[in-house]
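Heads up: the structure comes next, in structure tokens.
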Amino acid sequence: MSQLSNLYLFLYNSLQFFGWALALFRVLSSFLLTKSIHGAYASAGELICFLQTAAFLEVIHGAIGLVPSGALLPLMQWGGRTHFLLAIVRGITEVQELPSVFITFLAWSLSEIIRYPHYALSCLGHCPSWITYLRYTAFIVLFPIGVGPGEMWLMYQALPYIKAKHLYGDSFLGLPISYYNFVQVVLLCYPFLWLKLYVHLFKQRKSKLSKRHEKKKKM
């Protein structure tokens, strides 16, 4: 990889890290100041919407070979998160104060303040082993928490509002299903798509951490 590509990836991952660290700070500050978990979206929602939208660059990075991840899995993860965030959480004010938003934002923020420093420091070729270990271990707990009591539970809670408001009805004109039906289908598919990503992350963990142990043995 060229030095220019490395520099770009270092800057991109560093900026994402600082953004997510700020989001986590805002979520936790709101919680500590108000003693309530209902202000997560008000404190950090717009920032997280921006950061998640900007993360589409990671799909492009994989598609053009800038990183070895490919485009499919990053697209699946980005698409799931972005639909949840922009179409449901941002689009339905009634769900923005639900506990599931706090749970999701906390799980996402903790994941990203580990993932992005790992990527940024790897671009420099000097990523500490403990960050690598955290990168391929923290997801075991954070990923299920973010998806189960976070994303899926909130989408389920949003269904009555989607139906009552006939949300995004114009976008589904002429189609045999409504947005309400679409979200129901998404909820049915979510566990299977999540499991695919989860298994992939475990494979990555085995590969990356075994390489780390091999390097230690050679030293």
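For the numbers below, each heavy atom of this structure counts, side chains included, while hydrogens, waters and symmetry mates do not.
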Exercise for the section: Indicate the ring-plane relationship of Phe182 and His83, choosing parallel, tilted or perpendicular according to the 30° and 60° boundaries. Expected result: perpendicular
Exercise for the section: Show your reasoning for whether side-chain contact (heavy atoms from CB on, under 4.5 Å) applies to Leu154 and Thr104. Expected result: CA-CA 9 Å; Leu154 189 131; Thr104 303; 5.7 Å; no
Problem - Flag, side chain of Tyr180 to backbone of Pro160, donor-acceptor distance under 3.5 Å - result: no
Practice task
Would you confirm whether the ring centroid of Phe139 sits within less than 6.0 angstrom of the ring centroid of His200?
Solution key: no
Problem - Centroid separation Trp194 to Tyr190 less than 6.0 Å - result: no
Exercise for the section: Measure the CD-CD1 distance between Gln157 and Ile162 for me, rounded to the nearest 0.5 Å. Expected result: 11.5 Å
Exercise for the section: In sequence, state the C-alpha distance, the side-chain angles, and the governing distance for Trp20 and Ile48, and then conclude on side-chain contact (heavy atoms from CB on, under 4.5 Å). Expected result: CA-CA 7 Å; Trp20 282 101; Ile48 290 177; 3.7 Å; yes
Practice task
Please check if Phe10 and Leu15 belong to a single hydrophobic cluster, counting links between Ile, Leu, Val, Met, Phe, Trp and Tyr side chain heavy atoms closer than 4.5 Å.
Solution key: no
Exercise for the section: Would you check if the distance from the ring center of Tyr116 to the ring center of Phe17 is below 6.0 Å? Expected result: no
Exercise for the section: Taking Ser207 for its side chain and Gln204 for its backbone only, find out whether a donor-acceptor pair lies under 3.5 Å. Expected result: no
Exercise for the section: Establish whether Ile145 and Leu110 are linked, either directly or via other cluster members, by ILVMFWY side-chain heavy-atom contacts under 4.5 Å. Expected result: no
Problem - Residue pair Arg115 / Tyr119, side-chain heavy-atom distance below 4.5 Å - result: yes
Handout entry: Shared hydrophobic cluster for Val199 and Leu201 (ILVMFWY, side-chain gaps under 4.5 Å)
Key = yes
Handout entry: Check: Gln52 main-chain N/O paired with Trp78 side-chain donor or acceptor under 3.5 Å
Key = yes
Handout entry: Beyond-backbone contact of Leu187 with Leu159, side-chain heavy atoms, under 4.5 angstrom
Key = yes
Practice task
State whether Arg81 and Glu112 are salt-bridged, where the test is any N-O pair (Lys NZ or Arg NE/NH1/NH2 against Asp/Glu carboxylate O) under 4.0 Å.
Solution key: yes
Problem - Side chain to side chain, Gln16 and Glu58, heavy atoms closer than 4.5 Å - result: yes
Practice task
May I ask you to decide if Gly125's main-chain N or O and Ser122's side chain share a donor-acceptor pair within less than 3.5 Å?
Solution key: no
Problem - Exceeds 12 heavy-atom contacts within 6.0 angstrom, atom CD of Glu97 - result: no
Problem - Derivation and outcome, side-chain contact (heavy atoms from CB on, under 4.5 Å), residues Asn13 and Leu121 - result: CA-CA 9 Å; Asn13 288 299; Leu121 293 171; over 6 Å; no
Practice task
Using modelled atom types only, decide if a donor and an acceptor are shared between the side chain of Tyr198 and the backbone of Ile140 within a distance under 3.5 Å.
Solution key: yes
Problem - Validation row: Phe18, Ile113 side chains within 4.5 angstrom (heavy atoms) - result: no
Exercise for the section: Verify whether the ring centers belonging to Tyr136 and His118 lie closer than 6.0 Å. Expected result: yes
Practice task
Determine whether the aromatic ring centres of Tyr12 and His61 lie less than 6.0 Å apart.
Solution key: yes
Exercise for the section: Decide yes or no for Val27 and Phe31: does some side-chain heavy atom of the first lie under 4.5 Å from some side-chain heavy atom of the second? Expected result: no
Practice task
Assess whether side-chain contact (heavy atoms from CB on, under 4.5 Å) is satisfied between Tyr161 and Leu167, documenting all intermediate values.
Solution key: CA-CA 8 Å; Tyr161 300 107; Leu167 201 66; over 6 Å; no
Practice task
Would you check if the side chain of Ser30 reaches a backbone N or O of Ser43 as a donor-acceptor pair within less than 3.5 Å?
Solution key: no
Handout entry: Cluster link Ile103 to Met152, ILVMFWY, side chain under 4.5 Å
Key = no
Practice task
Measure across Pro149 and Pro144 and return the closest heavy-atom pair with its distance rounded to 0.1 Å.
Solution key: CD-O, 3.6 Å
Problem - CZ/Arg205: more than 12 non-hydrogen atoms of other groups inside 6.0 Å - result: yes
Exercise for the section: Please say whether more than 12 non-hydrogen atoms of neighbouring residues, nucleotides or ligands are located less than 6.0 Å from CG in Leu4. Expected result: no
Handout entry: Minimum heavy-atom distance Cys123-Leu9, with the two atoms named
Key = SG-CB, 3.6 Å
Handout entry: same_hphob_cluster(Leu188, Leu193) at 4.5 Å side-chain heavy-atom cutoff
Key = no
Handout entry: Heavy atoms of other groups near Phe202 CZ, more than 12 under 6.0 Å
Key = yes
Handout entry: Nearest atoms (heavy-atom pairs only) where Ala40 meets Phe102
Key = CB-CA, 3.7 Å
Handout entry: Nearest heavy atoms of Gly150 and Ser100, plus distance in Å
Key = O-CB, 3.5 Å
Exercise for the section: Using a cut-off of 6.0 Å, state whether more than 12 heavy atoms not belonging to Lys165 lie near its atom NZ. Expected result: yes
Practice task
Please assess Asn181 against Gln184 for the test side chain to side chain donor-acceptor pair (under 3.5 Å), listing each intermediate value before the final yes or no.
Solution key: CA-CA 5 Å; Asn181 299 135; Gln184 287 180 311; 3.3 Å; yes
Handout entry: Phe143 side chain near Leu197 side chain, heavy-atom distance below 4.5 Å
Key = yes
Exercise for the section: Step by step, work out the side chain to side chain donor-acceptor pair (under 3.5 Å) result for Ser129 and Thr132. Expected result: CA-CA 5 Å; Ser129 59; Thr132 301; over 6 Å; no
Exercise for the section: Answer yes if the ring centres of Trp153 and Tyr156 are under 6.0 angstrom apart, and no otherwise. Expected result: yes
Exercise for the section: Taking only Lys NZ, Arg NE, NH1 and NH2, and the carboxylate oxygens of Asp or Glu, determine whether Glu46 and Arg26 approach each other closer than 4.0 Å. Expected result: no
Completion exercise
Looking only at heavy atoms, the pair that brings Ile88 and Ala158 closest together is CG2-CB, 3.8 Å
